[in-house]
Amino acid sequence: MSKIRVRFAPSPTGPLHIGGARSALFNYLFAKKEGGDFIVRIEDTDLERSNRESEENIKDSLRWLGMDWNEGIDVGGPFAPYRQMERLDTYKAAVEQLFASGQAYYCYCSEAELEAEREASLSQKAMPIYSGKCRNLTKEERSAKEAAGIKPVIRLRVEGDEPIIIDDLVRGQVSFERAGIGDFVIVKSDGIPVYNFAVVVDDHTMNISHVLRGEEHLSNTPRQVVLYQALGWDMPQFGHISLILGKDKSKMSKRHGSVSVVNYKDQGFLPEALVNFLALLGWAPEGEREMFSLSELTKEFSLSRVSKSPAVFDIEKLKWLNGQYLHNLPKETIAEGIGPFVKEANLSEEQVLLLAETLQKHLNTFSEVTDYLPLFLGTENEPQNAEAAAVLAENTVPLVLKAFAEKFAKIEPEPENIKTILKEIRKENNLNGAQVFMAVRVALTGCQHGPDIHNLIALMGKENVAVRLAQTAKRVGQ
RNA sequence: GGCGCGUUGGAGAAGUGGCUGAACUCACCAGCCUUUCACGCUGGCAUUCAGGGGUUCGAAUCCCCUACGCGUCACCA
């Protein structure tokens, strides 16, 4: 059996989408698992929408996620070039072959004509299929059209009525009626091949063995099968991965929020977590474990455990997963990660480090750090709710706060020192932990829940603590 | 509308004829740990697999019908 060769073939019409990243990942994992090659090819035949920035973004995103490719753009390879617009000659050869065997023909129909035909069949509740009007034009008719300056498209002659059966790796046997396809366009009037044609030629000439892609391509597949048959080529194996859905169960798109990989990067997600999460979208590991590094996934992955039903993108789960990875990072790395989000606050390096340590177990993403900033920046400390207000109403509170203010004035505001004075207050007044800690916590932050209070106080600094204490004193009417 | 695919708890999702009297995870609730908070740990959480029929000794798992959801029908990929 020949070598496994798979490819990820995005069109550079925007930043790498979550769905694209998942397709790329499954291809990557399959290739690595089977000892095959992973190829990245760019499908840029849509001149209107393709652009280089998108291509750069796609490459960056793939690399950020940790997927490298054996062949393709940037790295080159034996089947270069890997950009469709640079492979026009290859398509031309295939078109010639199709003309030679009488399976392709020029079509001069105008868009308006086609549109009218389409509407007519639609109104009769039939499938819009090209009529085949230009199938048998004579030489004279053709030269007349050419003389009139009409640029033709090239269509494939699709005849017969045997059903088209696809043995899909994930969906099993799927069959389509040949009559439902019609003579479709393979080369546009500007001479550029259409997607369905270019993929077939590329996949064949690049020896692609397995085509793993999103389910939205399933209904394209019969056209490609017909093309393989017309060209007399062996087909790769197809596998259509179910779609990724948003919360409302429709295909994930912009209106579901962030859809491109860079968005997640910018929000402070870790590539390890995103890869792990993406792998779980439509694929399930064998055991109960669900945290896997990319290289572990490479060993665990198997096409037989890819599911047919669509996967819903659950952002909460992603956050949780990201948190799992985040919690295990050294505090220096966390400090680096939260850096961009605390820039405004002008914290010193030590403060950022202390903040990182303090929030480590609280953060699910780096960007969440901003939620915690008001706890020690600014002076907002009004009790958050009735329960918090009730804490301040305890009769031991004035005593605790007074003692705290006095002792705090005499120390350097460092976590260890703060720990010491709080312990002293507890002992000297014979109070329990909650009485001291809750009083101080609510008095200073207005919240009953939150990160380690010693660190928080240290981050506030002397002046801020004094202000907050005074505000609370005023509020409770002392 | 045609064609195609899917439908398991509040959410994600295992499970393709008996070991599932439906894993695991998120969320939620209870308890433990913790001098506070959090992390962590333990337990609880679908008499049931969209609905209806059928096949079978036995069905979430196979077949049929209905409903619903989604995808796709371009000189876009």
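The chains referred to below are lettered A, B, ... by the order of the sequence lines, with proteins before strands, and numbering in each begins at 1.
In this structure, A:W320 and A:I453 both approach RNA chain B, and ranking their closest nucleotides by distance from the 5' end singles out A:W320.
We find that CG of A:L218 is positioned 7 Å from P of B:C5, with the value rounded to whole Å.
Candidate nucleotides B:U36, B:U25, B:C26 were compared by shortest atom distance to the side chain of A:E316, and B:C26 ranks first.
Across all strands shown, B:G54 is found opposite B:C62 as a Watson-Crick or G-U wobble partner, with both distances under 3.5 Å. The base-pairing partner of B:C37, taking Watson-Crick or G-U wobble contacts with both distances under 3.5 Å, does not exist among the strands shown. Across all strands shown, B:G21 remains unpaired; no Watson-Crick or G-U wobble contact has both distances below 3.5 Å. In this structure, B:A13 makes no Watson-Crick or G-U wobble pair, since no nucleotide meets both defining distances under 3.5 angstrom. A 3.5 Å limit on both hydrogen-bonding distances identifies B:C29 as the Watson-Crick or G-U partner of B:G43. Shown here, B:C3 forms a base pair with B:G71; the pair counts as Watson-Crick or G-U wobble because both key distances fall under 3.5 Å.
Checked by distance alone, A:N220 brings a side-chain donor or acceptor within 3.5 Å of a matching partner on the base of B:A77.
Taking the six-membered ring where the residue is Trp, A:Y108 and A:Y106 present tilted rings, their angle falling between 30° and 60°.
Ion pairing between a basic and an acidic side chain is recognised when a charged N comes within 4.0 Å of a carboxylate O; A:E159 and A:R178 show no such pairing. Salt bridge A:E300/A:R305: absent, no basic N to carboxylate O contact under 4.0 Å.
Residue contacts shown for A:H240 are absent, as no nucleic acid heavy atom lies under 4.0 Å away. As judged by a 4.0 angstrom heavy-atom cut-off over every strand, A:G180 is placed among residues making no nucleic acid contact.
Put simply, A:T45 has a side-chain N or O that comes within less than 4.0 Å of OP1 or OP2 on B:A77.
Here, B:G18 and B:C62 have their P atoms 12 Å apart, quoted to the whole Å.
A:S54 and A:N57 share no side-chain donor-acceptor pair at under 3.5 Å.
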